[in-house]
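A quick write-up on the structure given underneath.
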Amino acid sequence: MTTIAQLPAAAFVGANDLLPLSQSGALYSVKVSQLNAGLQPLLSVPTGDLLGRQSAGAGMPEPLSVGTGLVLAGGVLSVNGADHAGYPVQASLLVSDDLVVSSAGLPGLLPVTALRGLFSAGDGVNINSGGVISATASAVAGPAGPAGPAGAMGPAGPQGLVGPAGTGLAAPVAGNSASSIGANDYVAIWQNGANAWMPYGQFIGGQTINQLPAAAPAADSDSLLVAQGSNALCVQSFGAVWSYLREKLPGLKSGIVELTANTVLDATAHNDRILIASAPLTLTANFVNMGAGFSCTLINLSSGAVSFGTGITSGSQVSSLPPGASTSLLGLSYSGGSLVWWNGVVSNVPTITVAPITAPGADAPFSVAGSVFNEAPGALDYSTDGGVTWQAAVSPVITLDAYSFTALGLSGGTYTVMVRDHANEAVVGVSNSFSILPPSVVFNAVASAAIVNLPLTVSGTATPAGTAVEVGLSGSATVAPVSWVAASLSSNGWSAELTPSVTGVIYLWAQQTAATNVQVISGPVNVVTATLTISVPASGIVDTVMTVTGTVSPIADVVNLQLSTENNVAPTSGWSASANAGGSFSIALTPSAAGTIYAWAQDPVTGIIAVSSAIVVSAPAPVTYSINNPGGSYTHGLGVIPINGGVTPAQAVATQVALSTSGSVVPTTGWQTASNIYADTLWAVYYPTPAVAGNYYVWVETTAGTAQLVSNFTIAVS
């Protein structure tokens, strides 16, 4: 039989072309135009048009225009405010008006009266609720004018009556003590035979330091104001301050300043410092910026000499400090002038130094460089085994005070490089110690299980760092993979994704791309098919726990579960993690309402979701409680009271109990959860004895607040 796939493809399709159609069990032909009749035609919309429907009744979309104040541009309908031009003009603001404002991006109305809150009246100005502004003349009056000349003294009047004696200044009492003092507070004083007042700020700051009498030269007995342990002032002598400073002086340490480039010495950065030259450089000095008494220590820890330039004088006319040497620099002023001096005494022993070497890759040639002092070698030798064997440096570059050459590659290990003058073997320099790691590729932790057709991420490190790595999968630990995948490199190592296509045991291989003999093979990885099953009871009861179980593969995956009234749309939240034991999981779930529900299971690792069969949840049978009198005697705040009662019919209903001195008002606090015992026929609780003595009723109800009962007896608490 010829299939559709075997037919030749049509070059184009027209309205009158025929298609086969089955109708009432018989085969007919139908035109393409008939088949498409009644379908929604393709809409063609000019640029910038907005489609809608403005005619009455259903029909095709029609172009719509936007009104004043709206603009359609770039596919966005926005407001431009042009409609405001048509608003009526209001000549003035009324107290009852509102303004349109934007608050945190949302529109709102602001009463005109609220604008007043943005402003405050100044001294002597008042704004009443009606918006009327008034002023107090005395508050805004200018300063008093100058007094006129004194007139003639009139005759003395008769002596007035003597008033009663005043109380004077009262001692501080609770109502007039000050917790703090400010500059605008007042202090009482006696001036010219009368009481007067002065601002506290003037009392403290009224006397300036230049009004104080000049002091004689400082002596040990002179005093300073200090605060000790609080803000209360006390005095301390100069002698005591010097004793304090003298104890601190042994702990005073000179600062260390590293010099890496040509430097001009100055007092701010270099005085009383230890200067470390970590690179060959030139020092100069400007005495004006240093001053007499300047001093510093210079240590040359670079591979070359430190040269002394303008402003620095040597006692021996030597102008450079060789590597490994140190000296002192002093700023001096005397009858002969001012200068920066150093003794210029240095060793003239020829030296060769080796600059620090960074560990190269295994078997990779590396550069050796350094300095030469008071020596002019024509050729150099070097050793990498502590001077046991020497080999000639190939084509070394040797200048007046430096050299460099390329050394042969070294295998993994720890080395120092020794360099000597070929003609004077006693002149030897030794480098720092460095370690060369052998080439390697290493896996980080590899999972023991994987999912078929699910990407597996692997990562690791390689030596030297940054080495290209490729990875692959194989069913054998001895047979290399057929294909390899280039790993992504980072500063910390490499990573890649591999996807196993079959189940069973596989091995991960990784190797250096440029040196495939440097490789690593993982332990066995078990590739399994991801599965998820779920088992539920056929029925349940509202607010009663039911157990949901199932299985998962891989067996280590944690499964999340949730109850839902839907069996075709998975929940999006509210998942609870189950307990997993070797691939078998279980969880206790509690239905909250009657009806048909389903349990959903989710493996977040593999993404598999499963839904259970239907669970019919019934409302719980009506419960009736009874309360047994515990009897006994109880002391307030001590121990517990054993209380129990019956549950009819027997059922595992969630129950709570409370004690109250009232037998008519339901307690709002103190509820304790009771336990169901004796096949759910009895509830029981050890209730903490109340902290207050009294006679207490027992209240019992479901945790939902139903089937409430109060005892017809009380428990005496003494």
* Asked: Can you list the residues that meet the side-chain hydrogen bond (donor to acceptor under 3.5 Å, both in side chains) rule with Thr533, with sequence neighbours excluded?
  -> Thr551
* **Counterpart residues, side-chain hydrogen bond (donor to acceptor under 3.5 Å, both in side chains), relative to Gln672 (two or more places apart)** => none
* Asked: So, Thr655 versus Tyr625: side-chain donor-acceptor pair below 3.5 Å or not?
  -> yes
* Side chains of Thr416 and Ser433: is there a donor and an acceptor less than 3.5 Å apart? -> no
Can you run down the side-chain hydrogen bond (donor to acceptor under 3.5 Å, both in side chains) pairs that involve [range], sequence neighbours left out, and say none if there aren't any?
range	result
residues 467-478	Glu470-Gln511, Ser476-Thr478
residues 17-26	none
residues 553-574	Asn560-Gln602

Run the ring pair (Phe, Tyr, Trp, His ring centres under 6.0 Å) test against [X] and tell me which residues pass, sequence neighbours left out.
X	answer
Tyr687	none
Trp494	Phe443
Tyr382	Phe405
Tyr598	none

What heavy-atom pair brings [X] and [Y] nearest, and what distance separates the two atoms?
X	Y	result
Ala577	Ile587	O-CD1, 3.6 Å
Pro500	Ile451	CG-O, 3.6 Å
Ala614	Thr596	CB-CG2, 3.7 Å
Thr669	Ala658	O-CB, 4.3 Å
Ala619	Val542	CA-CG2, 4.0 Å
Ala650	Ala679	CB-O, 3.7 Å

With [X], which residues qualify under side-chain contact (heavy atoms from CB on, under 4.5 Å), at least two apart?
X	result
Thr544	Ile541
Ser592	none
Thr590	Val545

Measure the [atom1]-[atom2] distance between [X] and [Y] for me, rounded to the nearest 0.5 Å.
X	Y	atom1	atom2	value
Ile506	Leu456	CD1	CG	6.5 Å
Ile534	Ser578	CD1	OG	9.5 Å
Ser483	Leu473	OG	CG	8.0 Å
Thr461	Asn444	OG1	CG	6.0 Å
Ile608	Asp603	CD1	CG	6.5 Å
Leu589	Ile615	CG	CD1	8.5 Å

Is the backbone of [Y] close enough, under 3.5 Å, to the side chain of [X] for a donor and an acceptor to pair up by distance?
X	Y	result
Ser383	Trp390	no
Trp683	Ser626	yes
Asn432	Ile357	yes
Ser495	Ser459	no
Asn676	Val653	yes

* **From CA spacing to verdict: side-chain contact (heavy atoms from CB on, under 4.5 Å), Val368, Ser404** => CA-CA 6 Å; Val368 178; Ser404 64; over 6 Å; no
Measuring only between side-chain heavy atoms, which start at C-beta, is [X] closer than 4.5 Å to [Y]?
X	Y	result
Ile609	Trp600	yes
Glu701	Thr706	no
Val548	Val536	yes
Val528	Pro554	yes
Val657	Val685	yes
Thr384	Leu410	yes

* Take Thr260 and Ser278 through the side-chain hydrogen bond (donor to acceptor under 3.5 Å, both in side chains) test and state the conclusion after the steps. => CA-CA 6 Å; Thr260 60; Ser278 58; 5.6 Å; no
* Assess whether side-chain contact (heavy atoms from CB on, under 4.5 Å) is satisfied between Val647 and Thr681, documenting all intermediate values. => CA-CA 5 Å; Val647 180; Thr681 61; 5.8 Å; no
* Asked: Going through the distances and angles, do Gln512 and Gln519 end up as a side-chain hydrogen bond (donor to acceptor under 3.5 Å, both in side chains)?
  -> CA-CA 6 Å; Gln512 292 193 2; Gln519 60 184 205; over 6 Å; no
* Asked: When you look at Leu408 and Phe366, which way does the side-chain contact (heavy atoms from CB on, under 4.5 Å) test go after all the steps?
  -> CA-CA 7 Å; Leu408 298 178; Phe366 59 98; over 6 Å; no
* Asked: Taking it one step at a time, do Leu109 and Val100 satisfy side-chain contact (heavy atoms from CB on, under 4.5 Å)?
  -> CA-CA 5 Å; Leu109 293 178; Val100 178; 4.1 Å; yes
* Per the side-chain contact (heavy atoms from CB on, under 4.5 Å) rule, which among Val518, Ile436, Leu437, Val441 passes with Thr463? -> Leu437
